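First the structure, in the form of structure tokens, and then the observations on it.
It should be emphasised that the depicted structure is a prediction, and the values quoted were computed from it without experimental measurement.
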Amino acid sequence: VFGKDINLTLVLSNLTSDRKSVRVDMSASTILYTRRAVAEILKAATSVELGPKQGKHIRVKIPYTHYGRYLTTDKRIQVTALCEVMRTHGLKLLVEKTIILEDTNIIIKLPRRVVVNKAVSLEISYANPLPEPVSRCVLLVTLMNQQVKINLARLAPRERSKIYFEFTPRRAGPLQLQVDFSCDKFSHVKGFVTIAVAPA
């Protein structure tokens, strides 16, 4: 989840009846959706001895403090592990994983029934998932082809807050409501709901 430390486990298994020495070079970078690297956030190397038919786990932690300021709006991190079996004429195995960090910031609560030409009040809650305060918070609400920009107070570390948004639907049928939350440390955290508007 965005704002939390990332914990990964690399599982190595020796499927042969011989003892193996494996060198593991690990790296991680923040990337764009095109897979172009933005910034390297982890570089580590270790060696592992594997007995016959033995498996081992290598645990890797990427703290938020290492990746936070380098993350793009795509919220993607590419992790690679190059595993080289020693004394086997350069036998190598490359393991790659792309991590897409989830947002859990926006929660939109609707009343049980929404009716044409009757005012509706929605509860929109938003959060700062980071271990540091954020300021210049803005909520952009898009509904019925109109955008409303709402400036919000700063949020303390891990703080959740909420606002109430009132509108009056003018026609029956499905209505899309989209919320976009940005601040000085991250941007474009989105949430949306489809509202079923009943006839009057």
Side-chain angles (χ1 to χ4, degrees), residues 1-15 20-50 54-86 91-108 124-140 152 154-162 178-193:
V1 175
F2 174 58
K4 301 275 179 73
D5 295 346
I6 299 167
N7 293 292
L8 303 168
T9 303
L10 176 68
V11 182
L12 293 177
S13 297
N14 178 7
L15 304 177
K20 301 287 184 188
S21 295
V22 182
R23 177 184 162 84
V24 182
D25 289 301
M26 297 195 73
S27 66
S29 297
T30 56
I31 60 169
L32 301 171
Y33 74 95
T34 57
R35 292 174 60 99
R36 187 169 75 79
V38 176
E40 188 172 71
I41 54 173
L42 171 79
K43 200 164 184 63
T46 188
S47 292
V48 180
E49 293 292 324
L50 292 172
Q54 187 186 18
K56 281 193 179 174
H57 293 67
I58 299 173
R59 288 184 169 77
V60 180
K61 184 176 184 176
I62 307 174
Y64 165 74
T65 50
H66 286 199
Y67 74 80
R69 61 196 169 115
Y70 300 112
L71 209 58
T72 69
T73 52
D74 297 323
K75 295 187 176 62
R76 290 170 189 252
I77 294 173
Q78 178 85 24
V79 182
T80 61
L82 181 62
C83 308
E84 183 176 2
V85 183
M86 310 309 283
L91 179 63
K92 295 180 182 179
L93 173 69
L94 180 68
V95 180
E96 283 190 328
K97 180 164 182 67
T98 300
I99 300 164
I100 302 173
L101 299 176
E102 291 178 18
D103 288 319
T104 54
N105 289 8
I106 305 286
I107 299 170
I108 304 166
I124 301 172
S125 87
Y126 53 95
N128 171 15
L130 308 185
E132 56 189 333
V134 296
S135 57
R136 298 201 300 277
C137 302
V138 175
L139 212 56
L140 199 63
L152 307 165
R154 70 198 299 275
L155 289 172
R158 313 275 188 220
E159 183 185 0
R160 179 169 283 280
S161 191
K162 61 188 172 187
Q178 185 171 310
V179 177
D180 187 311
F181 178 55
S182 295
C183 65
D184 63 334
K185 300 283 193 323
F186 56 86
S187 59
H188 304 304
V189 174
K190 295 181 187 297
F192 70 93
V193 289

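- A donor-acceptor distance shorter than 3.5 angstrom exists from the side chain of Thr30 to the backbone of Tyr70, with no hydrogens or angles considered.
- When the salt bridge (Lys or Arg N to Asp or Glu O under 4.0 Å) test is applied to Lys162, the partners found at least two apart in sequence or on another chain are Glu123.
- The line from CZ of Arg36 to OG of Ser29 is 12.0 Å long, rounded to the nearest 0.5 Å.
- Scanning for side chain to side chain donor-acceptor pair (under 3.5 Å) contacts around Glu49 gives Ser21, with sequence neighbours left out.
- Considering all non-hydrogen atoms of both residues, Ile6 and Tyr67 come closest at CD1-CE2, 3.8 Å.
- Using a 4.0 Å cut-off between charged nitrogen and carboxylate oxygen, Glu96 and Arg35 count as a salt-bridge pair.
- Residues satisfying the salt bridge (Lys or Arg N to Asp or Glu O under 4.0 Å) criterion with Glu159, sequence neighbours excluded, are absent altogether.
- When all heavy atoms of Ile41 and His66 are compared, the closest pair comes out as CG2-O, 3.3 Å.
- With sequence neighbours excluded, the residues forming a salt bridge (Lys or Arg N to Asp or Glu O under 4.0 Å) with Arg23 are Asp25, listed by chain and number.
- The line from OG of Ser13 to NZ of Lys56 is 12.0 Å long, rounded to the nearest 0.5 Å.
- Between Val189 and Lys75, some side-chain heavy-atom pair lies under the 4.5 Å cut-off.
- Distance check, rounded to the nearest 0.5 Å: CG of Leu139 to OG of Ser161 gives 10.0 Å.
- What you find for Leu50 and Val22 is that their closest heavy atoms are CD1-CG2, 4.1 Å.
- Taken to the nearest 0.5 Å, the CD atom of Glu132 stands 8.0 Å off from the CG atom of Asp184.
- Ile106 and Gly191 get closest at one heavy-atom pair: CG2-CA, 3.9 Å.
- Here Ile31 contributes atom CD1 and Gln78 contributes atom CD; the two are 4.5 Å apart, rounded to the nearest 0.5 Å.
- The line from CG of Leu82 to CE of Met26 is 11.0 Å long, rounded to the nearest 0.5 Å.
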| task | Quick one: do Leu12 and Ile58 satisfy side chain to side chain contact (heavy atoms under 4.5 Å, CB included)? Show the steps, please. | result | CA-CA 8 Å; Leu12 293 177; Ile58 299 173; 3.8 Å; yes
| task | Show your working on side chain to side chain contact (heavy atoms under 4.5 Å, CB included) between Ile77 and Leu71 and close with a plain yes or no. | result | CA-CA 8 Å; Ile77 294 173; Leu71 209 58; 3.9 Å; yes
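- Scanning for ring-ring contact (aromatic ring centres under 6.0 Å, His included) contacts around Phe186 gives Phe2, Phe181, with sequence neighbours left out.
- Sparse packing is recorded around CZ of Arg69, with 12 or fewer heavy atoms of other residues, nucleotides or ligands lying under 6.0 Å away.
- Legend: residues meeting salt bridge (Lys or Arg N to Asp or Glu O under 4.0 Å) with Arg136, ordered by chain and number and at least two apart, are absent.
- Nearest heavy atoms, Leu8 versus Val79: CD1-CG2, 3.7 Å.
- The two residues Asn128 and Leu155 have their closest heavy-atom pair at ND2-O, 3.6 Å.
- Judged by distance alone, the side chains of Ser125 and Arg160 do bring a donor and an acceptor atom under 3.5 Å apart.
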